[in-house]
There are 2 protein chains.
Amino acid sequence: MASILNLDKLDLSIVQQLMHDANVSYAEIGKKLFVSAGTVHVRIKKMQEAGIISGMNYRVDLKKLGYDVIAFIGIYLEKSSLYDVVAKDLKKIPEIVRMNYTTGNYSIFAEIVCKDIVQLRYVLHDELQKIKGIERTETFISLEESLNRSVKVAAS
Amino acid sequence: MASILNLDKLDLSIVQQLMHDANVSYAEIGKKLFVSAGTVHVRIKKMQEAGIISGMNYRVDLKKLGYDVIAFIGIYLEKSSLYDVVAKDLKKIPEIVRMNYTTGNYSIFAEIVCKDIVQLRYVLHDELQKIKGIERTETFISLEESLNRSVKVAAS
DNA sequence: ATTGAAAGAGTCTCAGT
DNA sequence: ACTGAGACTCTTTCAAT
């Protein structure tokens with residue numbers, strides 16, 4: 001699974017730029033890194049073909065779209081071997097946006113985005129409790145997101 | 001904080017498209033939604049000015065860049081009033097990519113991205129334990145990320 | 001508010017080094 | 001492997017409706 005492709009400093013610096021802002025032009029990136037726009041293009045294409053970079057997403061302010069509640073859910077399973085079947089059911093709930101199979105207290109760690117507390121309560125109580133294999137859940141409602149960034153892979 | 005701007009179905013459908021793939025052209029989006037590329041442009045501009053949409057990020061495969069370990073950290077504070085000062089210190093650690101102030105057991109819920117377990121151990125033991133105000137932490141290492149998507153804001 | 005066309009900017013290709 | 005120029009595509013502006 002490790003990187004087969006040898007990435008040099010230039011590659012990493014380009015990824016760093018793109019992670020921070022995907023809107024900067026190849027010419028601008030090149031100017032900062034003292035290479036031509038063509039070279040930047042070749043490197044990006046290479047990394048896209050290797051699956052290192054895969055596409056772009058807009059940053060969306062969910063609160064402004066009316067999604068005011070972000071919460072994290074720690075899920076205890078009856079048996080951890082039930083992971084696959086429970087995960088499959090959880091994926092059907094559109095409010096659940098992320099799921100990780102984790103070590104520690106919880107078997108599954110999920111993130112959920114809801115319009116309001118009423119909707120959160122509905123998903124937790126009516127949808128989650130129906131899923132077979134879930135023993136119990138613990139919910140952590142985010143009161144404030146004070147950081148959301150990408151890991152630093154190279155000097156910016 | 002709620003959306004002052006009245007967003008209609010067209011706006012939401014456009015956001016939905018862009019959240020899924022920021023690379024589709026305005027013409028393509030328009031074709032799907034039966035409007036011109038110009039209209040798509042106007043709507044996107046309006047939403048950018050309103051801060052609903054703010055910029056683009058490339059999706060990056062962190063594992064292929066050598067970052068194999070994603071973990072979640074539940075942090076207990078000595079007093080929850082220490083949140084601001086602890087948060088400030090945590091932000092200085094580049095491996096920490098996300099932080100939420102939460103209800104429930106933990107005061108702070110953080111996400112961390114490391115190259116390997118050695119680096120994770122270093123951050124947890126040497127860096128985190130040095131921060132004043134942290135009582136103790138619980139770590140959940142992700143063994144598998146089985147879902148990572150955006151919330152559905154409109155019919156796709 | 002939406003459209004269609006023209007102008008501007010960026011990406012992509014390729015021959016040359 | 002990098003460069004620079006030309007071809008191409010997309011974004012952006014704008015006059016008309």
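Just so it is clear: chains get the letters A, B, ... in the order the sequence lines come, proteins before strands, and each one is counted from 1. Worth saying up front: this structure is predicted, and the values here are computed from it rather than measured.
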Pair B:Lys152 + A:Glu95, salt bridge at N-O below 4.0 Å: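 No salt bridge links B:Lys152 with A:Glu95.
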Charged N to carboxylate O under 4.0 angstrom, B:Asp89 versus B:Lys132?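 No.
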Nearest whole angstrom, please: distance from the [atom2] of [N] to the [atom1] of [X].
| X | N | atom1 | atom2 | result |
| --- | --- | --- | --- | --- |
| A:Asp11 | D:dA1 | CG | P | 11 Å |
| B:Gln48 | D:dT12 | CD | C1' | 11 Å |
| B:Tyr26 | C:dG10 | OH | C1' | 13 Å |
| B:Ile44 | D:dT12 | CD1 | C1' | 12 Å |
| B:Ile29 | C:dT2 | CD1 | P | 15 Å |
| A:Leu7 | D:dA1 | CG | P | 13 Å |
| A:Leu10 | D:dA1 | CG | P | 12 Å |
| B:Lys31 | C:dG4 | NZ | C1' | 17 Å |

Give a yes or no on whether the ring-centroid distance for A:Tyr101 and A:Tyr106 is below 6.0 angstrom.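 No, the ring centres sit 6.0 Å or more apart.
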Within a radius of less than 6.0 Å around CZ of A:Arg149, do more than 12 heavy atoms belonging to other residues, nucleotides or ligands occur? yes
Which nucleotide wins on minimum distance to the side chain of [X], given the candidates [options]?
| X | options | result |
| --- | --- | --- |
| A:Ser36 | D:dC10, C:dT3, D:dG4 | D:dG4 |
| B:His41 | D:dT12, C:dT2, D:dA1 | D:dT12 |
| A:Lys45 | C:dT13, C:dT2, C:dT11 | C:dT13 |
| B:Ser25 | D:dT11, C:dT2, D:dT3 | D:dT11 |

Short question: side chain of B:Asn148, backbone of A:Arg98 - any donor-acceptor pair under 3.5 Å? no
Distance test, side-chain N/O of A:Arg43 to OP1/OP2 of D:dA1, below 4.0 Å: no
Which part of the nucleic acid does A:Val35 contact within heavy-atom distance under 4.0 Å: base, sugar-phosphate only, or nothing? sugar-phosphate
5' priority, DNA chain C, between A:Ala22 and A:Val42 [closest heavy atom]: A:Ala22
